[in-house]
Amino acid sequence: MSLFCPCSKVPDHVILSGGPNNRYWVVDVEERPGHKTLTISCSKSLQPTETCLLKDGWEMTPVRRGDVVHLEGCSDGGSWLVDREQGFLVLLPDSLISGTSISSSIRCMRRAVLGDMFKSFDGGSKQMLNGTMVHEVFQRAATAKDFSLEKLSKLADEALHGPRYLGDMYSLGVSQEEMKQELHDYLPSLQHWANEYLNSSAPKDSATVVTVTELADIEENVWSPRFGLKGKIDVTARVRIQRPRTGGHRTPEEKIVPLELKTGKESNSIEHRSQVILYTLMSLERYNPETGFLLYLKTGNMHPVVANHMDRRELLKLRNTLVHHIHNCVEQEAERSRLTRLPDILTNRQTCQYCPQKRNCALYERAVDPSSADVSEDVVQDFLQQETGHLTPPHLNYFSHWLLLCCLEAAPMETKNSRKRVWLQTVQESEKNGSCVGNLQLSAPVTIQSEGVFLHRFQRSGVASQQGLASGDRIVVSDQEGRLVGLATGYLCEVSKKVISCTLDRDLSKYSGVLFRVDSDEGVVGLSTHLTNVSRLMENCQDSDRLRELVVDLRSPEFISNLSSVLPREAKDTVANILKGLNKPQKQAMKKVLLSKDYTLIVGMPGTGKTTTICTLVRILHACGFSVLLTSYTHSAVDNILLKLKRFRVGFLRLGQGQKVHPDILPYTEESVRKNGVHTLSELEQLYSKELVVATTCMGIKHPIFTHRRFDFCIVDEASQISQPVCLGPLFYAKRFVLVGDHQQLPPIVQNQEARSRGMDESLFKRLELHKEAVVQLNVQYRMNRQIMSLSNSLMYDGRLECGSERTALALLTLPFLLTVQSELSSYSQMQPQHDLSWLQATLLPSNPVCFLDCSMVPALESVERGGISNRTEAALIHMLLSLLIKAGCKPSDVGVIAPYRQQLKTISSLLQSSAFTGVEVNTVDRYQGRDKSLIVLSFVRSTLGELLKDWRRLNVAITRAKHKLLMVGSATTLRRYTPVEKLLNHLHQIHSCVCH
DNA sequence: GCTCTGCTGAGAGGA
């Protein structure tokens, strides 16, 4: 008998179910020699329970209490058996693992796990590019049903000159001619294959004859939640298999099977065959194929791969081990998390020699166990020495620290990942969340918008339910039955009650008649960019060595003493001219950057003209002939600077998806420039090297341009909001860098509590700030009037913030009709003397720029709902204040309402529906950073200060958005318990107790 | 206790 903890509760985000697509919660695991028994339940109440007996090797499955599993096979009255002959157990089935990950784990499980954490940055090889291009030629010939040499060679040339692969050739440094040679070598065997297998009628008595009668699909995308698999099937073909006659007459078999194309050696290796077997497994629900084919395009030979139970069983066991390691890279030890061990390092040096995860493999080993370099086997010791010998203990510490933080932070992202809803929730359930629209049918012919972008229109039948999807959202399309999950992904264009239009990566016209569902797809972004950057920082090369010294060892930044050596003579006048428009600290900032040999930190306090400063800096650097890489975390921050820069005839290249770029910046994107004709490699090279200034987001550094170009300066805007690993990314490509930010404003958002407490919200900006000599402060501001500024000064800046002019200092809200409103209020007060409204009259006065409206005396209770926290009383008060202020002549577009919680914004917005309020912007503190309004109304929402406003940086941002008037609404008595708010309240002259009705 | 923006991606061969 096994005992299990009755208090163990299933978390909210877990979805369980019975039936063919079952999901069981593992209540308990009982291990015995040779077998393992699971106590499981598919109900969240954990009643009733069933059992599952694992044996014949399945008992080695690393399944634990609290895991979710899927069971295949049969159960006998609630007891399942998974053994040699029957049944499968799929561990964590909602984590879909790709076919290639699993087949790569055959040789080295450790490599497969690392491959999931770190997307390798090696950029591939010429052979790989050729492989991709041969695939493309084959697939397009298949679509055109024409494998003649003329057609093939035409398709090859299109691929060579089309936009798609030029970037890869640029990265790899191979010429179009070279690639052409490689590619053309394959064409004859492609034709040969077609002659041999495609509709061939050549009868052969002796052997099995396989004839491909139809190429049913190309690059079919498959998500198989039943087996926890995903993949892309090169070609899905209908084949006729005629076996040799043995006497009697035999009808040929017709089947739909996956074809896996390979351009490399005809190895027929276990990895290749495993890939095919996994494809047959994941398309079980679609066609139930028992066979697949490996098609080697070098020779045109085709090998059948028959999938038997044993192969499938062993591959699923590998998948289970892999998924276990991916999900359990962190373990708890005495309340503190730490990295877990990975599968062992191979001791066969031959295999490891070309492994793309070599460095990460060694780094990880030393991160979990610093002593491993001394105690392991000799082979491993040598390997560790070779890969990490150049690193000091602090370097290794930095690596393991950030690796752990990233793994911790990845966990909440994983649980939030809503992708599993696509297959675990019905359309009705998902529509209720607003994340899905169902009952859709194709309503118009699919049109091709550009290469690989297909415009679809769907008609919705039945009642339109609550609408949660918006245009621009990333989506995934599946059939409603759950047989064709994840058919295509793309973006939503138009949503109305009846019609949905979207652009998808695949043409779904062959599914006419199918009922579709469209789900929002937030995707699983993960933290692989972060980890890749941290790993790169540990590389044994010049760029990384230098950056490591500055970032990890915190070596003091150096400066040269004389400007004249950096300023070219011919640029002097231009630079002097540009400098004219700047104030003193801004000029200092320019000078510091020019003198820097390593880096400069520019602290841009609120309203001090950060964007202008960066724009001016770029102009100066440009005038001096320096190249500049301009980045920030968000597209909008990058474009804000570019919009300013554009006016000064400074040329630049903007990298990134056109969809995300500001419309006015679109003409500068690579996409648009290339439309004007870039067909050769040298044209592309020209485009990539033409502009001194290149702009992109920090995550956009996977672009081919960075395989070759280096910049004199890298500027990172909003650097105090970017987490360290991300901020590092662009710095690899520049000799010097400039971080612009303000650590007194919002830090990087970190969801995991432990990750935050262990320092994940420390930006690189903050880390480097200890070197005072690298810091310039922009403290002259042009936003807030004197009273508002002094509030922030007392809270955060110790009086360092200054007004740029008397005009700024004295500016007040203009309310042309205030007298009318005031007299109305007065007469109301006279008629109802029990309602003293003098507090309200004082509040409205522009000459009272900062007011706190204290709701302590009225019951202003917050309510915690599903969507978050709100406070109706505060919302009502804000509604009244705004009505009066707008009546008094304040323009709605000059008004901003800020609250720390989304739910409160909803509550406020719903009260501001009337047209009088059109233009009033209601948003979170976070969204308001970097922006301002003449009048800001701030709702504190909580009578007990929440986690969010305890952060004085968030509070600082909130109060510094107002130019002329700041109204704060909250419960003063309780808020006083928190030091930052207390400090703030003590500074105020105007605290009004409001008496609401 | 509820703040949010980034990202195509699974596979393209080689020993």
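Chain A is the first sequence line, chain B the second, and so forth, proteins listed ahead of strands; every chain is numbered from 1.
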A/Gln139 CD to B/dG11 C1', straight-line distance once rounded to whole Å: 11 Å
Just jot down the side-chain hydrogen bond (donor to acceptor under 3.5 Å, both in side chains) partners of A/Thr529, sequence neighbours excluded, or say none. none
N/O donor-acceptor pair under 3.5 Å between A/Asn752 side chain and A/Ala755 backbone: yes
Interatomic distance where NE2 belongs to A/His635 and C1' belongs to B/dC4 [whole Å]: 14 Å
Partner residues of A/Phe732 under the ring pair (Phe, Tyr, Trp, His ring centres under 6.0 Å) criterion, sequence neighbours left out: none
So, are A/Asp926 and A/Arg954 salt-bridged, with charged N and O less than 4.0 Å apart? yes
Which residues pass the side chain to side chain contact (heavy atoms under 4.5 Å, CB included) test with A/Gln744, sequence neighbours left out? A/Asp742, A/Met796, A/Tyr797, A/Arg800, A/Trp952, A/Asn956
Listed range with range, the stems formed with DNA chain B by at least 3 consecutive Watson-Crick or G-U pairs (under 3.5 Å) are none
Reckon A/Thr100 has a side-chain N or O less than 4.0 Å from the OP1 or OP2 of B/dG11? yes
What I want to find out is whether A/Lys262 reaches A/Glu260 closely enough, with some N-O distance under 4.0 Å, to be called a salt bridge. yes
Please list, chain by chain and in numerical order, all residues satisfying side chain to side chain contact (heavy atoms under 4.5 Å, CB included) with A/Ile270, sequence neighbours excluded. A/Ile106, A/Ser274
Measure from CD on A/Glu271 to C1' on B/dA15 and round the result to the nearest Å. 11 Å
Mapping A/Thr634 and A/Asp12 onto DNA chain B by nearest heavy atom, which one lands closer to the 5' end? A/Asp12
So, does A/Tyr901 get its side chain near the phosphate of B/dC2, meaning an N or O under 4.0 Å from OP1 or OP2? yes
Any side-chain N or O of A/Lys230 below 4.0 angstrom from OP1/OP2 of B/dA10? yes
When all nucleic acid strands are considered with a 4.0 Å heavy-atom cut-off, which category describes A/Arg111: base, sugar-phosphate, or nothing? base
Would you please confirm or rule out a distance under 4.0 Å between OP1 or OP2 of B/dG13 and any side-chain N or O of A/His272? no
Categorize A/Gln275 for me: base, sugar-phosphate, or nothing, with a 4.0 angstrom heavy-atom threshold over every strand shown. sugar-phosphate
Looking only at side-chain N and O atoms, does A/Ser125 come under 4.0 Å of OP1 or OP2 in B/dG13? no
Phosphate-side-chain proximity, A/Tyr279 and B/dG11, N/O vs OP1/OP2 below 4.0 Å: yes
Using heavy-atom distances to pick each residue's nearest nucleotide on DNA chain B, tell me which of A/Met128 and A/His530 is more 5'. A/His530
Nearest to the side chain of A/Arg927 - B/dT3, B/dA12, B/dT5? B/dT5
Taking only the side-chain nitrogens and oxygens of A/Ser98, find out if one of them lies under 4.0 Å from OP1 or OP2 of B/dG11. yes
Base, sugar-phosphate alone, or nothing: which one does A/Glu260 contact when heavy atoms must sit under 4.0 Å apart? sugar-phosphate
Looking only at side-chain atoms of A/Thr697, point me to the closest of B/dG6, B/dA12, B/dC4. B/dG6
Separation of B/dC4 atom P from A/Asn752 atom CG, nearest Å, is 18 Å
Which is true for A/Asn221 with a 4.0 Å heavy-atom rule: it touches a base, it touches only sugar-phosphate, or it touches nothing? nothing
Atom CD of A/Gln751 and atom P of B/dT3: how far apart are they, to the nearest Å? 11 Å
Can you find a side chain N or O atom of A/Ser528 that sits less than 4.0 Å from OP1 or OP2 on B/dC7? no
Rounded to whole Å, how long is the line connecting atom OH of A/Tyr928 with atom P of B/dC4? 13 Å
Output the rounded distance in Å from CD (A/Gln357) to P (B/dA15). 19 Å
Between A/Glu266 and A/Lys298, is there a side-chain N and carboxylate O pair less than 4.0 Å apart? no
Answer with base, sugar-phosphate or nothing: what part of the nucleic acid does A/Ser101 contact at a heavy-atom distance below 4.0 Å? nothing
Sorted by chain and residue number, the side-chain hydrogen bond (donor to acceptor under 3.5 Å, both in side chains) partners of A/His635 (sequence neighbours excluded) come out as A/Arg654
Taking OP1 and OP2 of B/dG6, is either one under 4.0 Å from a side-chain nitrogen or oxygen of A/Arg474? no
For A/Lys262, which contact category applies under a 4.0 Å heavy-atom criterion: base, sugar-phosphate, or nothing? sugar-phosphate
Would you measure the distance from the C1' atom in B/dA12 across to the matching atom in B/dT8 and give it in whole Å? 16 Å
From CZ of A/Arg164 across to C1' of B/dG9 the rounded distance in Å is 13 Å
